[in-house]
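In what follows, a single structure is set out as structure tokens and then discussed.
FYI, the numbering just counts along the sequence from 1.
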Amino acid sequence: MPKRSAGFSESAYNHLLNLIMTKQLMPGDRIPETRIAKEFNISRTPVRDAMRQLSNDGLIEIFPNRFAQVRIFSPEDIRETGMVRIALDALSIKLANLYGSQADFLRLQTLATQCSEAYAAGDNQLRLSSDSDFHLELSRIAGNQLLFKFQKELHLQIQFIQLHHSSVVENERIHIQQHHDIVNALMEHDEKRAETLICDHLKSFYNLEDDFPKDFFPITL
């Protein structure tokens, strides 16, 4: 019986995640707990388990004894996420430069290419997943399990922000091209250039340029 319950919870989780990531549920929309339970012919318990997991993922907000809704990221939420990402990715660059192999960087290049091709094809869902996979892979190459754990915990939130706040990117083509530039710098073991590129890549996405002193981040190329 516990196995069946766990299976129902996983199905409800995947269904809800798909609704959110395909914009069938938008920020601020209430989670249709009863409807989902009826669709899957299950009790509301596994649906609530799924909702708790999505809350842990940072994608929904639960108001006990009231309702749950898709999370609304405020400008401050997005800004704080950006600051953490810059810190994590800058450290990932330094460690990847030390420990990464050419094979590692080729895998990173594959994700960069996949992201570019998805953008050219208009496949927004693949572009978003490839983009966040690129940064997750960078942290894996870094070889620090705690760093990788932190990046993985942000993985879905980052896709969500990209999905619903894509207007924060002034030039998506340049933003996507920067993935290739970062990989090229790593392949040449040009740590400083790679670090500057990753910081520029993220601070432009999160609109952080005007919030800090000019020398707070590495100099923009």
Side-chain angles (χ1 to χ4, degrees), residues 17-18 21-22 57 78 81-209 217-221:
L17 181 60
N18 181 65
M21 290 305 189
T22 57
D57 291 339
I78 295 172
T81 301
M83 290 302 302
V84 171
R85 287 199 71 196
I86 286 177
L88 294 177
D89 275 21
L91 178 57
S92 293
I93 287 289
K94 289 179 177 293
L95 292 172
N97 184 64
L98 279 176
Y99 302 121
S101 66
Q102 289 300 306
D104 289 325
F105 300 147
L106 285 172
R107 284 196 297 273
L108 204 59
Q109 187 72 274
T110 297
L111 289 170
T113 299
Q114 184 173 288
C115 186
S116 297
E117 291 177 346
Y119 172 72
D123 189 338
N124 194 47
Q125 193 166 6
L126 179 58
R127 179 183 67 81
L128 295 180
S129 62
S130 299
D131 190 317
S132 55
D133 285 346
F134 177 92
H135 294 269
L136 190 63
E137 176 65 11
L138 179 62
S139 67
R140 188 199 65 77
I141 293 170
N144 184 300
Q145 291 303 309
L146 190 58
L147 175 62
F148 182 73
K149 176 178 179 290
F150 290 153
Q151 285 280 41
K152 198 169 182 181
E153 288 174 355
L154 286 174
H155 194 58
L156 287 175
Q157 293 181 51
I158 291 163
Q159 289 186 54
F160 183 93
I161 289 171
Q162 289 177 310
L163 181 66
H164 293 287
H165 302 274
S166 58
S167 60
V168 297
V169 180
E170 289 186 11
N171 191 316
E172 287 192 345
R173 184 183 61 79
I174 291 175
H175 183 77
I176 290 168
Q177 175 59 39
Q178 285 176 326
H179 291 145
H180 296 280
D181 297 337
I182 290 163
V183 176
N184 290 337
L186 285 170
M187 285 181 165
E188 295 168 6
H189 287 284
D190 190 341
E191 179 190 316
K192 185 61 179 176
R193 179 176 171 77
E195 184 183 4
T196 301
L197 281 164
I198 200 82
C199 289
D200 186 50
H201 178 72
L202 293 173
K203 73 180 182 181
S204 63
F205 179 83
Y206 292 100
N207 291 324
L208 297 172
E209 294 97 332
F217 299 109
I219 298 172
T220 302
L221 294 173

Nearest 0.5 Å, please: how far is [atom2] in [Y] from [atom1] in [X]?
| X | Y | atom1 | atom2 | value |
| --- | --- | --- | --- | --- |
| R85 | S139 | CZ | OG | 10.0 Å |
| I78 | F160 | CD1 | CZ | 9.5 Å |
| K149 | L154 | NZ | CG | 10.5 Å |
| H164 | L128 | NE2 | CG | 9.5 Å |

Self-check item: For H155, ring-ring contact (aromatic ring centres under 6.0 Å, His included) partners two or more places apart
Solution: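 H155 satisfies ring-ring contact (aromatic ring centres under 6.0 Å, His included) with no residue once adjacent residues are dropped.
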
Quiz item: Are I198 and Q178 close enough, and set up right, to give a side-chain contact (heavy atoms from CB on, under 4.5 Å), and what steps lead you there?
Solution: CA-CA 8 Å; I198 200 82; Q178 285 176 326; over 6 Å; no

Any non-hydrogen side-chain atom of [X] less than 4.5 Å from a side-chain atom of [Y]?
| X | Y | result |
| --- | --- | --- |
| R107 | L111 | no |
| L126 | Y119 | no |
| Q125 | D123 | yes |
| I141 | Y99 | no |
| N184 | D190 | no |

Self-check item: Residue pairs passing the ring-ring contact (aromatic ring centres under 6.0 Å, His included) test where at least one lies in residues 180-201, sequence neighbours excluded
Solution: H135-H201, H175-H201, H179-H201

For [X] and [Y], which heavy atoms make the closest approach, and how far apart are they?
| X | Y | answer |
| --- | --- | --- |
| R127 | C115 | O-SG, 3.7 Å |
| L88 | L147 | CD2-CD1, 3.5 Å |
| N18 | T22 | O-OG1, 2.6 Å |
| L163 | M21 | CD2-O, 3.5 Å |
| E191 | I93 | O-CG2, 4.0 Å |
| F105 | A96 | CZ-O, 3.5 Å |

Practice problem: Test L197 against R193 for side-chain contact (heavy atoms from CB on, under 4.5 Å), laying out the working first. | Solution: CA-CA 6 Å; L197 281 164; R193 179 176 171 77; 3.8 Å; yes

Self-check item: R140 and D104 ion-paired at < 4.0 Å
Solution: yes

Quiz item: Going by atom types only, do Q151 and D89 share a side-chain donor-acceptor pair under 3.5 Å?
Solution: yes

Quiz item: Does a side chain donor of either Q157 or D57 reach within less than 3.5 Å of an acceptor in the other side chain?
Solution: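 The criterion, which ignores hydrogens and geometry beyond distance, is not satisfied for D57 and Q157.
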
